[in-house]
Amino acid sequence: EEATAKRKDDHLDLCATGDVEPVQNSTLLECVRLVHCAMPEMAVDEVDLSTEFLGKKLRYPLLITGMTGGTERAGAVNRDMALLAERHGLAFGVGSQRAMAENPQLGATFQVRQVAPTIPVLGNIGLYQAVGLGVDGVRRLAEAIGADGMALHLNAGQELTQPEGDRDFRGGYKVVEGLVRVFGARLLVKETGCGIGPEVARRLVELGVRNLDVSGLGGTSWVRVEQLRATGVQAQVGAEFSSWGIPTAAAIATVRRAVGPDARLVASGGLRTGLDVAKVLTLGADVGGMALPLFRAQQQGGLPAAEQALATILTSLKQALVLTGSRNCAELRQKPRIVVGELKDWLAAL
Ligand code: FNR
């Protein structure tokens with residue numbers, strides 16, 4: 001458990017200041033253009049971005065995705081992010097609760113209900129940690145923090161770059177099946193920056209998974225984070241795979257096409273602006289997700305800096321709706337969008 005806590009703080013240091021978003025990686029959201037409406041015939045204040053997620057109402061279609069917990073510093077990040085989400089009516093997820101499963105005393109660093117009583121809060125555990133904990137162990141983790149749902153994270157790329165990581169990925173769907181039985185529509189399956197493609201998404205939905213976060217390529221690369229900690233073979237191979245993954249724009253559009261209208265889809269991985277959020281909504285997402293930009297702002301300037309970063313994102317998102325002449329998410333989805341360049345190739349192939 002000492003090792004888990006140490007690794008967590010290493011990860012936070014690297015994400016706060018390290019080169020964890022390789023510049024050549026792209027979400028391919030730059031291949032999506034929205035069409036300007038010269039006569040919006042509406043007021044900014046009329047924009048209504050509210051939506052439903054995990055049985056609760058959001059004021060904005062935005063999830064601050066799971067990052068951390070398990071150390072003092074991580075606890076402060078969770079509280080600031082949860083407070084921000086509560087203030088603005090967003091959803092919030094804690095990071096991997098593995099540390100807390102190993103040492104229940106660390107549970108306090110994942111507790112956010114005091115600052116976030118009304119918003120959807122997600123617990124978090126890795127697929128292969130869930131094997132060890134069993135479905136009851138995972139249920140207890142969710143209950144211990146009063147979560148509305150549980151995020152199960154997939155991270156094969158990261159594990160393979162971690163010297164101490166998993167090397168055997170058999171039996172994953174079976175674990176998901178067990179968790180669906182316990183959590184039902186409160187389970188969310190997410191990637192961590194390499195993306196979920198249409199084939200995996202379809203299989204998960206067939207097993208009863210109702211919520212997916214594609215978490216595609218183009219933002220934080222966990223292969224890169226581990227590569228920066230690795231030496232020898234892992235460092236070399238990690239460098240090679242730092243750009244591995246399905247770009248977020250390609251993942252969300254093809255997954256929506258594959259699973260139909262009923263699944264709730266989050267698009268995360270490299271979303272950095274409100275316009276990015278608007279674009280993923282037009283590609284089929286119900287909710288946009290962000291981790292690194294809000295984390296970095298908080299690390300640099302505390303809650304006020306995170307508040308300002310979020311204000312910029314929400315202002316830009318509302319502006320995108322006004323300038324496309326959309327009053328709400330449903331109207332935005334009806335608007336035409338232009339898809340150019342490499343994204344077109346992905347959409348044709350998947
Ligand atoms: C993460 N991410 C993550 N995901 C997860 O399921 N469990 C976790 O414990 C963590 N930890 C974590 C820590 C930090 C500091 C960051 C920045 C990210 C992944 C995160 O939820 C998200 O899927 C990716 O980071 C992609 O989004 P961004 O960062 O590009 O907006």
Side-chain angles (χ1 to χ4, degrees), residues 4-5 7-22 25-27 29 62-71 73-74 76-78 80-81 91-101 106 109-110 122-130 141 147 149-159 162 187-196 211-226 228 245-249 251-252 266-273 276-277 280 285 287-300 306 309-310 313:
T4 305
R7 186 168 63 236
K8 286 288 144 193
D9 269 349
D10 281 357
H11 284 160
L12 290 190
D13 281 334
L14 283 167
C15 287
T17 55
D19 173 23
V20 298
E21 300 180 279
N25 291 2
S26 171
T27 58
L29 285 170
L62 201 58
L63 163 66
I64 303 177
T65 65
M67 285 185 265
T68 200
T71 65
R73 178 179 173 196
V77 172
N78 276 337
D80 279 0
M81 294 294 128
F92 169 76
V94 299
S96 172
Q97 291 176 267
R98 178 184 188 169
M100 154 180 186
L106 300 177
T109 64
F110 294 88
L122 280 159
N124 188 296
I125 197 73
L127 175 60
Y128 294 92
Q129 275 98 58
L141 286 179
M150 193 70 190
L152 182 72
H153 72 253
L154 315 178
N155 65 341
Q158 178 187 10
E159 293 290 342
Q162 226 174 295
L187 181 70
L188 175 143
V189 178
K190 75 187 286 288
E191 240 287 342
T192 46
C194 290
I196 295 176
N211 310 280
L212 295 172
D213 177 349
V214 297
S215 190
L217 182 74
T220 311
S221 163
W222 279 88
V223 175
R224 170 58 67 93
V225 174
E226 296 300 350
L228 295 171
I246 307 169
T248 297
I252 190 64
V266 181
S268 74
L271 273 61
R272 297 295 174 259
T273 67
D276 286 342
V277 178
V280 297
V287 172
M290 285 189 198
L292 195 70
L294 296 170
F295 169 71
R296 281 210 163 153
Q298 191 269 355
Q299 291 291 290
Q300 280 157 20
L310 181 62
I313 290 159

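Computed from a predicted structure; not experimentally measured. Read the numbers this way: they start at 1 and go in the same order the structure lists the ligands and their atoms.
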Below 3.5 angstrom, do we get any N/O pair linking P293 and ligand 1?
no
With a 4.0 Å heavy-atom cut-off (strictly under), which part of H11 contacts ligand 1: side chain, backbone, both or neither?
neither
Test your reading of the model: is there a side-chain donor-acceptor pair from R224 to the backbone of E21, 3.5 Å cut-off?
no
Where the side chain of R98 meets the backbone of I125, is there a donor-acceptor pair that is under 3.5 Å apart?
no
Smallest heavy-atom separation, G93 atom then L63 atom, equals N-CD1, 4.1 Å
Looking only at heavy atoms, which two atoms of P247 and T27 are closest? And how far apart?
CB-O, 3.5 Å
Taking R73 as the fixed residue, which of T68, D13, T109 is the one that meets the side chain to side chain donor-acceptor pair (under 3.5 Å) rule?
D13
Determine whether any heavy atom of T68 lies closer than 4.0 Å to an atom of ligand 1.
no
May I ask you to list the atoms of ligand 1 that are less than 4.0 angstrom from any heavy atom of M290?
31 (O)
List the closest protein heavy-atom neighbour of atom 20 (C) of ligand 1: residue, atom name, distance to the nearest 0.1 Å.
T65 OG1, 3.5 Å
What I want to know is whether G270 and ligand 1 share at least one N or O pair that is separated by under 3.5 angstrom.
yes
Shortest non-hydrogen contact from S221 to N25?
CB-ND2, 4.4 Å
Any nitrogen or oxygen of C15, main chain or side chain, under 3.5 Å from a nitrogen or oxygen of ligand 1?
no
Under 4.0 Å from a heavy atom of G95: give me the atoms of ligand 1 that qualify, with their elements.
9 (O)
Least distance between heavy atoms, V20 atom then L14 atom
CG1-O, 3.5 Å
So which protein heavy atom does atom 10 (C) of ligand 1 come closest to, and at what separation?
G66 O, 3.2 Å
Give me the nearest non-hydrogen protein atom to atom 24 (C) of ligand 1 as residue plus atom name, then the distance to 0.1 Å.
S215 OG, 3.9 Å
shortest atom 19 (C) of ligand 1-to-protein heavy-atom contact is with W222 NE1, 3.6 Å
Is it the side chain (CB and beyond), the backbone, both or neither of E191 that lies under 4.0 Å from ligand 1, heavy atoms counted?
backbone
Taking 4.0 Å as the limit for heavy-atom contacts, which would you say applies to N124 with ligand 1: side chain only, backbone only, both, or neither?
side chain
Which is closest to atom 26 (C) of ligand 1 in terms of heavy atoms, G269, A267, S96, A99?
G269
Any N/O of T220 closer than 3.5 Å to an N/O of ligand 1?
yes
Protein heavy atom at shortest distance from atom 11 (N) of ligand 1
M67 O, 2.7 Å
Numbering as shown, the atoms of ligand 1 that approach G219 to under 4.0 Å (heavy-atom distance):
30 (O)
Looking only at distance, does K190 have an N or O less than 3.5 Å from an N or O of ligand 1?
yes
Test your reading of the model: is there a side-chain donor-acceptor pair from N124 to the backbone of Q97, 3.5 Å cut-off?
no
A student checking ligand 1 against R272 at a 4.0 Å heavy-atom cut-off should list atoms 28 (P), 29 (O), 30 (O), 31 (O)
Nearest heavy atoms of Q298 and D80, plus distance in Å
NE2-OD2, 2.9 Å
Using distance alone, decide if ligand 1 has a nitrogen or oxygen within less than 3.5 Å of any nitrogen or oxygen in L271.
no
